[in-house]
Amino acid sequence: MTTSTETKEKEPLNFIEEIIEEDIRNGKHAGRVHTRFPPEPNGFLHIGHAKALVVNFETAQKYGGKTNLRLDDTNPSTENTDYVDNIKNDIRWLGFEWEGEELYASDYFEQLYQFAVKLIHKGLAYVDDSTPEEIAAQKGTPTAPGTESPFRNRSIEENLDLFARMRAGDFPDGSRVLRAKVDMASPNMHMRDPVIYRIKHEHHHRTGDDWCIYPMYDFAHGQSDSIEEITHSLCSLEFRHHRPLYDWFIEKLEIFPSRQIEFARMNVAYMITSKRRLMKLVTDNYVTGWDDPRMPTLAGMRRRGYPAPAIREFCRRAGTARRDNVIEYELLEFCVREELNRTSLRSMVVLDPLKVVITNYPEGQVEDMSIENNPEDPNAGHRTMPFSQELYIERDDYMDDPPKNYHRLAPGKDVRLKSAYIIHCDEVIRDANGEVSELHCSYYPDSRSGSDTSGIKAKGVIHWVSAPHAIQAEVRLYDRLFTDPEPTNHEDRDYIEFYNTNSLQVVTAFAEPSLKNAQPGQTFQFLRKGYFCTDTDSTPANPVFNLTVNLKDSWSK
RNA sequence: AGACCCAUAGUGUAACGGUAGCACACCAGAUUUUGGUUCUGUUCGUCAAGGUUCGAAUCCUUGUGGGUCUACCA
């Protein structure tokens, strides 16, 4: 008996979606949804930006809306076009396409200037000759109200004249600012007559030397939202205290009422997202660059082999709410494995080799063994791998004196060589130090994979490569960059103290011959080991692979 | 110290006054020519104390804990 009209549970909405759906119900902005992603072009995009990207783009997509890319370039001292290019590239790689051409806050400098003039006309802004120190003192403290600047009540005419001369370049840097006249006694520090324009005789990456005054964030961001008619301006929690100012400017300027909504930024255990701290890792050579595979930058994660869909899924699963959070690294790894399990081709690579000689295998004989490329994908087909008398297996796939539930090789034990024969360990050869240097094994000729009539049941299956056919490859094994889940959260210790000195280990591995053609960026599963990505340093003569993430291992525990 | 924000399994996130769910992690088992994948199951939670109510994770009060704010950065 089936219930024909059973409706499926509607998936829960996050608080932003609830606000949007209510706005749509109320006919606000005729149901239009338009978001924006507003990075400052002074650094590389990282995992935190990925979350902001997903929230902004996917929320808009869900409601048939649009998303602008707007570079928030109001401070020429730190911003440049190289960063712009990298940001655009990273966003496209993550899988998002913004509406039209990318936009710049600097496109609105003239309009912003006119907004300021309008404020002055309304008696709501004034030129202040106070020094930075004096202004800071006037601000007061959170517990004590501020004091008014002696320049607060200049005439509109004088303010107009002075502001025009600021623009004209009549004054040196730091000598004057334009301040909004709000409320020096407000409990919200941001409302205590915030500086909205400062003098900076500096070359801007787009407007060149057209301007020597530049708007502050609070007088650029919200106004840019408004100019672009952004309906929902999604930002992180620390801007909560800016919202009354955001709304105040919209009201006083009588411009399009964009609405700012704050959500908690995503923190990920063992990762940091501070631009300054990330920069230090690069400049002090803790990593090789912004795209070092250990870096939490999109460039680094891309090089590491994290697929864009996995990063997007990770951001979705982390959820969107308004409370502080630290997402476990394991969730990211889960999303990466989930994607890579579906998509990556399998191959066999021995990272820590131990030689095996099949004593009863005809010397010089080579057989082509057929191996599935991806058991999760029947369409991925098969490849062949040469099998010969001398092989390499993983050193930890052999033990002298194994525990009873060890399924691999040991003296007198059998093991299946994946997609090849079952072998029996007859003899252990040791070097002068007593270390195992070689295994002499015999194979069961009737146990060939696919036509096994031996009747032998080997509990273990291990990977292997043919010694004379294997190619050497550099394999870079990565671990988390920090040894503490929240390296920047210790009052008494610097985050650098938690730098993981074992975060990179380089080994020379023996890989199956097919890997000779691996292209940079291509991902593989090295059977029983993990997912790996061909590095940008890789060449056919010197292949290089990065460990993306290891396979789950329920044995080593 | 003041203002504002936040508090649900280990970690995240739902439940919108009416059975506290889901995901990851963990543990156990089944399957497996990857100790992978897949499947099944177990354990574990409403910060505290009052109040309102037939009924509170949800509303109110107080407390506790955490976060944000005092840049001519964004």
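Throughout, a chain's letter reflects where its sequence line sits, starting with A, and its residues are numbered from 1. Every heavy atom of this structure was used, including side-chain atoms; hydrogens, water molecules and symmetry mates were not. Computed from a prediction, not measured in an experiment: that's the story for all the values here.
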### Message
Over all strands shown, is Val177(A) touching base, sugar-phosphate only, or nothing at heavy-atom distances under 4.0 angstrom?
### Response
base
B/S/- along nucleotides 29-34 of chain B (protein heavy atoms under 4.0 Å) is ----BB
Result for ring-ring contact (aromatic ring centres under 6.0 Å, His included) between Tyr214(A) and one of Phe109(A), Tyr108(A), Tyr197(A) points to Phe109(A)
Taking atom CZ as the centre, does Arg265(A) end up with more than 12 heavy-atom neighbours from other residues, nucleotides or ligands that are less than 6.0 angstrom away? no
Once base and sugar-phosphate atoms are separated, protein heavy atoms under 4.0 Å mark nucleotides 1-8 of chain B, 5' to 3', with B, S and - as BBBB-SSB
Gap in Å between the two C1' atoms, one belonging to U68(B) and one to A25(B), rounded: 30 Å
Item to complete: For Tyr214(A), report the nucleic acid contact type (base, sugar-phosphate, nothing); a contact means any heavy atom under 4.0 Å.
Response: nothing
- Face-to-face stacking of Tyr217(A) with A74(B), centres under 5.5 angstrom, angle under 30°: no
Can you confirm if the aromatic rings of Phe219(A) and Phe249(A) lie within a centre distance of less than 6.0 Å?
yes
Give Ser77(A) one of three labels, base, sugar-phosphate or nothing, depending on what nucleic acid heavy atoms sit under 4.0 Å from its own.
-> nothing
Check: Which part of the nucleic acid, if any, lies within reach of His242(A) when heavy atoms closer than 4.0 Å are counted: base, sugar-phosphate only, or nothing?
Finding: base
Does Phe387(A) form a ring-ring contact (aromatic ring centres under 6.0 Å, His included) with Tyr443(A)? I'd like the steps, not just the answer. CA-CA 12 Å; Phe387(A) 183 90; Tyr443(A) 84 119; 7.0 Å; no
### Query
Thr74(A) side chain N/O closer than 4.0 Å to the phosphate oxygens (OP1, OP2) of A74(B)?
yes
Subject >> C1' spacing across the pair C22(B) / U62(B), given as an integer number of angstrom >> reply: 34 Å
Exercise. Assess whether ring-ring contact (aromatic ring centres under 6.0 Å, His included) is satisfied between Tyr246(A) and His242(A), documenting all intermediate values.
Key: CA-CA 6 Å; Tyr246(A) 184 103; His242(A) 294 251; 9.8 Å; no
To the nearest angstrom, the CD-P distance between Glu486(A) and G66(B) comes to 13 Å
For RNA chain B, the dot-bracket notation using Watson-Crick and G-U wobble pairs below 3.5 Å, [ ] for pseudoknot-type crossings and | for other-strand pairs, is .((((((..((((....[..))))..((((.......)))).....(((((..]....))))))))))).....
Sorted by chain and residue number, the salt bridge (charged side-chain N to carboxylate O under 4.0 Å, His left out) partners of Arg383(A) (sequence neighbours excluded) come out as Glu512(A)
Atom pairs and distances, donor-acceptor, side-chain atoms in residues 271-278 of chain A, under 3.5 Å, two or more places apart:
residue, atom, partner, partner atom, Å
Ser274(A), OG, Arg276(A), N, 3.4
Ser274(A), OG, Arg277(A), N, 3.1
Lys275(A), NZ, Asn42(A), OD1, 2.6

Between Phe526(A) and Phe545(A), what is the ring plane arrangement, given parallel below 30°, perpendicular above 60°, and tilted in between? perpendicular
Self-check item: Inter-nucleotide P distance (U37(B), G21(B)), Å rounded
Solution: 27 Å
Quiz item: Strictly under 6.0 Å, is that where the ring centroids of Tyr306(A) and Phe314(A) end up?
Solution: no
I'd like the P distance from C39(B) over to G45(B), given in whole Å.
27 Å
Within the 4.0 Å heavy-atom criterion, would you say Ser344(A) contacts the bases, only the backbone, or no part of the nucleic acid? nothing
With B for base contact, S for sugar-phosphate-only contact and - for none (protein heavy atoms under 4.0 Å), nucleotides 17-25 of chain B reads ------SBS
Q | Separation between the C1' atoms of U42(B) and C26(B), rounded to whole Å | A | 11 Å
